[in-house]
Asks: 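Can you read through this structure? Questions will come right after.
Throughout, protein chains are lettered first and strands after them, A, B, ... in sequence-line order, and every chain is numbered starting at 1. Just so you know, these numbers use all the heavy atoms, side chains as well, and skip hydrogens, waters and symmetry mates.
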Amino acid sequence: MIDKEKFDDWYNEIVETAELCDKRYPIKGMNIWKPYGWKIMQNIDALIRYEMERTGHNEVYFPLLIPESYFKKEEEHIKGFSAEVYWVTHAGKNELEERLLLRPTSETALYSIFSLWIRSHADLPLKTFQIVNTFRYETKMTKAFIRVREIHFFEAHTCHADYEDAERQIKEDLEIAERFFKKLCLPFIVSKRPDWDKFAGAYYSIGIDVLMPSMKTLQVGSIHQYKQNFSKPFEIKYEGKDGKHYYCHQTTYGMSERVLGAIVGIHGDEKGIKLPSSIAPIKVVIIPIIFKGWEEKIMEECRKIKEEIEKLGLSCHIDDRDKTPGNKFYDWELKGVPLRVEIGPKDIENEVISIATRDGIKKKIPVNEIQKLKEELEEYDKRIYAEAEKFLKENIHVLKEVESREGILELPWCGKEECGIKMEEELDMKSLGTPLPEKECNEKCAICKEKATTWLRLAKTY
RNA sequence: GGGCCCGUGGGGUAGCUUGGUAUCCUUCCAGCUUGGGGUGCUGGUAACCCGAGUUCAAAUCUCGGCGGGCCCA
């Protein structure tokens, strides 16, 4: 893992040298996805779609533009987003009768229509999601994948008959997160955000955070319980079995390319990025070790091995560029390919292939045991997860008093806002909220010394 | 919201104080050579963010814009 001091420079450089994005597009916070980076992002999206599918969510795609009248329906929501909205005011030379905005998030677009879709209890629960671009005019510093103005956004929106069913949904969302982030080898913490920091319009918000090597946390997912805060202004009502009309209860679950930012940051080292095998566009790269007189023999063997690797369902690429092997090694390590296979004259003579995992384990495998590569990848994933988990655990500090430490702090808290704010100020950190699942506390509040009812997590954040 | 630094070939840079011929490394292209951790040689392509101002003359000085990085609230 990269040192804290070096991290910011390293990150800014690596996202471009690993060919994930190109930052030269002249609009702040709007970077170009390069083919390699975009492929990784699509693989991440595919994992999300898989989880949505198996939990009965349906994919939709709503328009990018939202009429001002829709956006204005929920007061808290407007307050939270109006400062960062992009407006469309003209079409050609004509001023529009009604201003349109680029979605900063899609609640107001979806919910206006949900009110038409939902008529009876039989329409519930309604479980939808979409993967779209959203736009937020960020005033703070932008950073590739971490703070951007055009966001590659996943948002699940659900409607339920009652609060209990919405709560069940949130439990399901947390299970989805568990499976999803495990595949990305990303350990995380879940916190219920304090009231003063919940999503605009939410009844409560849950944040999914990871710890970056810079010792700042990065929010990579959020889950919101809206209760009836949106269904009332948007009039999303259904007819119950008793013939009466009720407002729905709603939830959302959101994630973005920040997930990729987290993978880059947490699994990175001096050589480059390390991709979990679940999302690596190339899982195995073959480097031919060519010597004079061996050209054809080596290439033939490479092609044969490639075919066998692909039969295992592993994407495989032969790097036949006219460069020296060492040069290629550095290239693919930079780009995070999990497994490298070298094939040279000695390997052919001994009927083996030489392999090296991205985290530095080298061995020889007999050519008739190629299926072992699958196990090697599994072990590799486990190792990079374990390394990240160790880092996270080592940097969560459970304290009794306000004390300046790096990482994530947990302090006993009475639950009063003023005490929480005071902790933020004294530590120069932001509160992430209270641990989920809930954690018992028998201490005294670190500020007012009254009985603490829970713990407050604090950290420096992105 | 307030402040600081920066912008030179694809990437990284020198030059800017004291205005006048744009440096080096790398990448890229061609050829030969080499090939189990960044081979070597020869040749080639390629740049002063945009606009205005000062001046005989601006990469260099002034102002503005856009973009990038950082710090504080």
Side-chain angles (χ1 to χ4, degrees), chain A residues 4-32 34-37 82-84 86 137-150 196-197 212 214-216 261 269-272 285-299 301-302 305 318-335 337 339-365 367 421-422 424-431 460-462:
Chain A
K4 177 178 178 275
E5 286 72 27
K6 291 183 197 156
F7 182 75
D8 283 314
D9 286 338
W10 174 88
Y11 183 88
N12 283 327
E13 197 182 324
I14 212 77
V15 292
E16 285 195 308
T17 53
E19 299 196 326
L20 305 177
C21 68
D22 193 323
K23 294 192 285 194
R24 291 172 299 183
Y25 198 72
I27 300 179
K28 187 178 169 66
M30 296 191 186
N31 299 327
I32 292 152
K34 294 194 79 175
Y36 191 65
S82 60
E84 46 191 61
Y86 284 92
Y137 184 80
E138 293 286 351
T139 52
K140 296 187 182 206
M141 196 205 331
T142 56
K143 203 177 198 72
F145 309 131
I146 288 177
R147 178 170 281 117
V148 289
R149 286 176 168 178
E150 178 173 356
W196 64 89
D197 195 31
M212 297 289 266
S214 54
M215 292 296 177
K216 290 185 195 171
D269 62 19
E270 315 71 41
K271 290 177 171 176
V285 66
I286 299 177
I287 312 289
I289 309 296
I290 294 167
F291 280 83
K292 250 206 152 74
W294 283 80
E295 293 89 343
E296 262 319 297
K297 228 180 253 176
I298 301 265
M299 286 314 294
E301 180 72 3
C302 286
I305 298 288
I318 300 174
D319 187 351
D320 58 359
R321 291 175 299 170
D322 187 19
K323 287 186 164 195
T324 53
N327 225 308
K328 296 176 184 178
F329 297 168
Y330 284 102
D331 256 15
W332 295 109
E333 278 163 353
L334 174 63
K335 296 175 105 171
V337 171
L339 202 57
R340 178 179 79 226
V341 169
E342 299 163 35
I343 298 172
K346 284 183 216 156
D347 300 298
I348 292 181
E349 278 166 4
N350 299 323
E351 297 185 338
V352 298
I353 54 173
S354 304
I355 67 162
T357 60
R358 174 59 181 81
D359 60 337
I361 293 181
K362 296 182 182 179
K363 42 175 97 161
K364 310 262 184 209
I365 288 185
V367 283
I421 300 282
K422 198 134 194 220
E424 290 189 0
E425 282 167 2
E426 287 189 19
L427 289 162
D428 190 21
M429 284 178 160
K430 293 271 286 177
S431 38
K460 302 233 188 223
T461 64
Y462 273 104

Asks: For a quick check of understanding: with a heavy-atom distance under 4.0 Å over all strands, which category does A:Asp9 fall into, base, sugar-phosphate or nothing?
Replies: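 No contact at all - A:Asp9 keeps every heavy atom at 4.0 Å or more from the nucleic acid.
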
Asks: Have a look at A:Lys143 and say if it touches a base, only the backbone sugar-phosphate, or nothing, with a 4.0 Å heavy-atom cut-off.
Replies: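 Sugar-phosphate contact only.
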
Asks: Could you state the CE-C1' distance from A:Met30 to B:G68, rounded to the nearest angstrom?
Replies: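 One finds 16 Å between C1' of B:G68 and CE of A:Met30, rounded.
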
Asks: Quantified in whole Å, what is the P atom distance between nucleotide B:G40 and nucleotide B:G35?
Replies: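 Pairwise P distance, B:G40 against B:G35, rounds to 13 Å.
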
Asks: Take atom C1' in B:G12 and the same atom in B:G1, then report the distance between them in whole Å.
Replies: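 One C1' to the other, the span is 35 Å.
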
Asks: Nearest of B:U34, B:G38, B:G36 to any side-chain atom of A:Lys346?
Replies: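 Of all the options, the side chain of A:Lys346 is nearest to B:G36.
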
Asks: Of the options B:G68, B:G36, B:G37, whose atoms approach the side-chain atoms of A:Thr142 most closely?
Replies: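 So the nucleotide nearest the side chain must be B:G68.
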
Asks: For B:G67, give its Watson-Crick or G-U wobble partner with both distances under 3.5 Å, or none.
Replies: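 B:C6 is the nucleotide pairing with B:G67.
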
Asks: For A:Phe291 and for A:Tyr25, locate the closest nucleotide of RNA chain B by heavy-atom distance; then report the residue assigned to the nucleotide nearer the 5' terminus.
Replies: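 Upstream on the strand: A:Phe291.
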
Asks: What is the nucleic acid contact for A:Pro288, judged by heavy atoms within less than 4.0 Å: base, sugar-phosphate only, or nothing?
Replies: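 Contact class for A:Pro288: none.
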
Asks: On a plain distance test, is the side chain of A:Ser354 in donor-acceptor contact with the base of B:G36 below 3.5 Å?
Replies: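 Yes, a donor-acceptor pair under 3.5 Å.
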
Asks: With a 4.0 Å cut-off on N to O distance, would you call A:Glu19 and A:Lys335 a salt bridge?
Replies: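 Answer for the salt bridge query: yes.
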
Asks: Within residues 323-330 of chain A, which residues have any heavy atom lying less than 4.0 Å from an atom of RNA chain B?
Replies: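 Close to the strand are A:Lys323, A:Thr324, A:Pro325, A:Gly326, A:Asn327, A:Phe329, A:Tyr330.
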
Asks: For B:G37, does the base pair up with any side-chain atom of A:Glu333 as donor and acceptor (N or O, under 3.5 Å, distance only)?
Replies: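 It does, because a donor-acceptor pair links the side chain of A:Glu333 to the base of B:G37 below 3.5 Å.
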
Asks: May I ask you to test the A:Ser354-A:Val341 pair for a side-chain heavy-atom distance under 4.5 Å?
Replies: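 Not in contact.
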
Asks: What distance, rounded to whole Å, do you find between the two C1' atoms, one in B:U23 and one in B:G15?
Replies: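 So the two C1' atoms sit 7 Å from each other.
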
Asks: Which residues pass the salt bridge (Lys or Arg N to Asp or Glu O under 4.0 Å) test with A:Asp322, sequence neighbours left out?
Replies: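 A:Asp322 satisfies salt bridge (Lys or Arg N to Asp or Glu O under 4.0 Å) with no residue once adjacent residues are dropped.
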
Asks: Could you tell me how far apart A:Lys23 (NZ) and B:G67 (C1') are, to the nearest whole angstrom?
Replies: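 Spelled out: NZ on A:Lys23 to C1' on B:G67 is 12 Å.
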
Asks: Could you give the distance separating B:A59 and B:A47 at their C1' atoms, to the nearest angstrom?
Replies: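 So the two C1' atoms sit 10 Å from each other.
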
Asks: Taking atom P of B:G38 as reference, at what distance in whole Å does atom NZ of A:Lys271 sit?
Replies: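 After rounding, the reported distance stands at 12 Å.
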
Asks: So how far is it from A:Lys328 NZ to A:Glu342 CD, rounded to the nearest 0.5 Å?
Replies: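 It comes to 11.0 Å.
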
Asks: Check whether any side-chain heavy atom of A:Thr461 sits under 4.5 Å from a side-chain heavy atom of A:Met429, and report yes or no.
Replies: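 Side chain of A:Thr461 against side chain of A:Met429, heavy atoms only: no contact under 4.5 Å found.
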
Asks: Contact class for A:Asp322 (heavy atom, under 4.0 Å): base, sugar-phosphate, or nothing?
Replies: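 The answer is base, as A:Asp322 lies within the cut-off (heavy atoms under 4.0 Å) of a base atom.
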
Asks: For A:Glu333, does its backbone N or O pair with a side-chain atom of A:Arg358 as donor and acceptor, under 3.5 Å?
Replies: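 Side chain of A:Arg358 to backbone of A:Glu333: a pair is present.
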
Asks: Between the side chain of A:Asn327 and the main-chain N/O of A:Lys323, is any donor-acceptor distance below 3.5 Å?
Replies: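 Here the side-chain-to-backbone pair does not exist.
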
Asks: If we take the P atom in both B:G43 and B:U60, what is their distance in whole Å?
Replies: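 Approximately 33 Å lies between the P atom of B:G43 and that of B:U60.
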
Asks: Is there a side-chain contact between A:Pro325 and A:Ile289, using heavy atoms and a 4.5 Å cut-off?
Replies: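 Yes, close enough: below the 4.5 Å cut-off.
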
Asks: Is it the case that over 12 heavy atoms from other parts of the model lie below 6.0 angstrom from the NZ atom of A:Lys28?
Replies: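 Yes - once you tally the heavy atoms of other residues, nucleotides and ligands closer than 6.0 Å, there are more than 12.
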
Asks: With a 4.5 Å heavy-atom cut-off, do A:Ile353 and A:Asp347 have their side chains touching?
Replies: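 A:Ile353 does not reach A:Asp347 side chain to side chain.
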
Asks: Side chain of A:Asn12: nearest nucleotide among B:G69, B:A73, B:G36?
Replies: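 Output: B:G69.
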
Asks: On RNA chain B, check which nucleotide each of A:Asp428 and A:Lys28 is closest to and give me the residue with the more 5' one.
Replies: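 So the residue in question is A:Lys28.
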
Asks: Regarding A:Gly293, tell me which of base, sugar-phosphate or nothing describes its non-hydrogen contacts under 4.0 Å with the strands shown.
Replies: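 It contacts nothing in the nucleic acid.
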
Asks: Quick one: look up who B:U54 pairs with, Watson-Crick or G-U, both distances under 3.5 Å, and put none if it's unpaired.
Replies: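 The answer is none; no pair meets the criterion.
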
Asks: Pick the C1' atom in B:G9 and in B:C48, then give their distance to the nearest Å.
Replies: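 So the two C1' atoms sit 10 Å from each other.
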
Asks: Within a strict 4.5 Å, meaning less than it, do heavy atoms of the A:Glu301 and A:Val367 side chains meet?
Replies: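 Yes; the side chains approach each other to less than 4.5 Å.
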
Asks: Using the 3.5 Å cut-off, write out each protein N or O paired with an N or O of nucleotides 8-12 of chain B and the distance between them.
Replies:
residue	atom	partner	partner atom	Å
B:G10	O3'	A:Arg24	NH1	2.7
B:G10	O2'	A:Arg24	NH1	3.2

